[in-house]
Trainee: 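Here it is, the structure, as structure tokens.
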Amino acid sequence: AAIVARPALSGPALVGLGLVTGAVASMQQQTGAPFALGLAAILVFDSALAQDTGTAARSAGLRLTVYATATGAVVFVVLGYHAIHAGVPRIFEQIVVHPLTGYRELNRVPWGSVDDWTVERARYTLPWLLASLPIALTALAGLRGVAAWRAGDRDAGRRAAAVTALSLAGIASIANRPDFIHLAFVLPLYLVLAGEALAWGIGLLPPAARSATTIALALAIAASSISRMNTNLARAHAEFDQPAATRFGHVDFADAWEPELFADVDAALADNAERVFFVYPVMPSLYLTTESRNPTLHEILLPGYKSPEHYAEVLATLEADPPGHLVLVRPLIGDASDPVRAWVETRYACADDRVPCWLHRLR
């Protein structure tokens, strides 16, 4: 955001943008793709401001080449390594097909939504601000661009257009699940854009008032941020009041059953040299706190989110070499027709005193 708002985009800036885009795309493809397209549009628009068509075309081609080369270098190294080990078809299925099918189908939510699963986390932030900031900044940047072009200020118009494109890319990057949590993921981008907008607004004030306004805004933002962080810290200490020493390190859990389950699983794996263990349908934190290994390739296995083929693949892996212990996270599992639950209940016995049972051991 800070780079694209600069007066010009040349070699080092283009390489920096490419490297950052490549890193984002390598980890979050559905996030990296919109940013790559948005930044490419900015480069083309920048070049279109050249005096003649030929110069504009050459400038756009050169800039896009530098940007794409830097982006592609990171993507090639990261995804190439994984493709060698997992195979291109599986990588393509996971980074392209799945985000557009199962992930999107399960995560269709309204913009800025807070649901029953996330309402407690929402109290740590301001969902209304997270939802409104991207929309407001995009609209403001668009209006600034129109005003600048009408006034003949090409440089201001270019910066406003770049900010608008980047804002739209940020919105598109979380379109697959635009709840308040994913909005928080892209908040750093909009904080930079908010700072740029504030600087623009302060620049409209009389020179004598700019310094005082800047200081007042800085103090107000700092004071409100410190107050909010203190409130969140006190809330977190009160909410996460179940401390435990895990293999990952010290963890403060929110509910008593969590450290109890960790202790049960850790004890069950004491004689398991490879610490192979399976959790169904989802609780990957248990692998982390017990330093255990999932024998399958799936840590989230929910109907609709994963396909019947994925379920069959997991069951085949478990059938070929059943782990000594596994956990069924009962609140997230359906009735007895659930294929994994049915498979477990015919091969495993209860290994804890919970009702219904969570920890199971192989018979």
Side-chain angles (χ1 to χ4, degrees), residues 1-50 56-83 86 88-101 103-104 107 111 133-135 137-138 141-142 145 158-178 181-193 196:
I3 293 175
V4 301
R6 294 169 57 183
L9 290 172
S10 56
L14 293 173
V15 172
L17 285 175
L19 295 177
V20 172
T21 305
V24 172
S26 297
M27 295 180 289
Q28 292 283 332
Q29 293 73 37
Q30 66 272 25
T31 298
F35 278 112
L37 294 174
L39 290 169
I42 292 172
L43 297 180
V44 172
F45 179 78
D46 255 2
S47 300
L49 297 179
R58 288 191 297 272
S59 176
L62 179 59
R63 287 181 170 187
L64 288 174
T65 299
V66 174
Y67 171 66
T69 300
T71 301
V74 177
V75 172
F76 178 79
V77 171
V78 175
L79 296 187
Y81 172 84
H82 289 87
V88 174
R90 185 176 291 278
I91 294 296
F92 181 81
E93 194 275 337
Q94 288 298 315
I95 70 174
V96 177
V97 177
H98 179 61
L100 298 177
T101 53
Y103 186 94
R104 185 170 62 180
N107 291 292
W111 180 265
L133 194 62
I135 305 299
L137 289 174
T138 302
R158 176 260 164 213
R159 289 197 299 272
V163 170
T164 304
L166 198 58
S167 292
L168 291 173
I171 291 172
S173 72
I174 58 166
N176 56 346
R177 184 177 173 83
I181 293 176
H182 284 71
L183 283 165
F185 291 164
V186 295
L187 178 64
L189 165 66
Y190 291 101
L191 290 180
V192 175
L193 298 183
E196 194 272 342

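Along the sequence shown, residues are numbered consecutively beginning with 1.
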Trainee: Any chance you could lay out the side-chain contact (heavy atoms from CB on, under 4.5 Å) test for N176 and N107, step after step, and finish with the verdict?
Mentor: CA-CA 7 Å; N176 56 346; N107 291 292; over 6 Å; no
Trainee: Work out which heavy atom in I171 is nearest to a heavy atom in P134; give both atom names and the distance.
Mentor: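 Scanning both residues, the minimum pair turns out to be CG1-CB, 4.0 Å.
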Trainee: So L193 and L133, do their side chains get closer than 4.5 Å, heavy atoms only?
Mentor: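 No, their side chains stay 4.5 Å or more apart.
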Trainee: Decide side-chain contact (heavy atoms from CB on, under 4.5 Å) for T21 and V74; before the verdict, give the C-alpha distance in whole Å, the side-chain angles of both, and the deciding distance to 0.1 Å.
Mentor: CA-CA 9 Å; T21 305; V74 177; over 6 Å; no
Trainee: Does the side chain of L17 come within less than 4.5 Å of F35's, by heavy atoms?
Mentor: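 Side-chain contact under 4.5 Å: no.
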Trainee: Nearest 0.5 Å, what's the CG-CG distance between L64 and L14?
Mentor: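 It comes to 9.0 Å.
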Trainee: Rounded to the nearest 0.5 Å, how far apart are CG of L137 and CG of L191?
Mentor: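 That separation rounds to 9.0 Å.
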Trainee: Using side-chain contact (heavy atoms from CB on, under 4.5 Å), reason through V15 and T69 one step at a time and then give a plain yes or no.
Mentor: CA-CA 8 Å; V15 172; T69 300; over 6 Å; no
Trainee: Measuring from atom CG of L19 to atom OH of Y67, what distance do you get when rounded to the nearest 0.5 angstrom?
Mentor: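 Output value for this atom pair is 10.5 Å.
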Trainee: Passes side-chain contact (heavy atoms from CB on, under 4.5 Å), F92 versus L79? Steps please.
Mentor: CA-CA 10 Å; F92 181 81; L79 296 187; over 6 Å; no
Trainee: Heavy atoms, side chains only, cut-off 4.5 Å: are L183 and I174 in contact?
Mentor: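 With C-beta onward as the side chain, the pair touches.
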Trainee: On a heavy-atom basis, which atom in G38 and which in A165 lie closest, and how many Å separate them?
Mentor: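 Shortest heavy-atom separation between G38 and A165 comes out as O-CB, 4.2 Å.
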Trainee: Report yes if the side chains of V186 and S173 come closer than 4.5 Å at any heavy-atom pair, otherwise no.
Mentor: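 The answer is yes, as the side chains (C-beta and beyond) meet within the 4.5 Å cut-off.
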Trainee: To check you understand the geometry: which heavy-atom pair defines the closest contact between T164 and G142, and what is its length?
Mentor: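 Heavy-atom minimum between the residues: OG1-N, 3.3 Å.
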Trainee: Taking all non-hydrogen atoms of both residues into account, name the closest pair between Q94 and H98 and its distance.
Mentor: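 Here Q94 and H98 meet closest at O-CB, 3.7 Å.
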Trainee: Indicate the atoms forming the closest heavy-atom contact of L189 with G170, along with that distance.
Mentor: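 Reported closest heavy-atom pair: CD2-CA, 4.1 Å.
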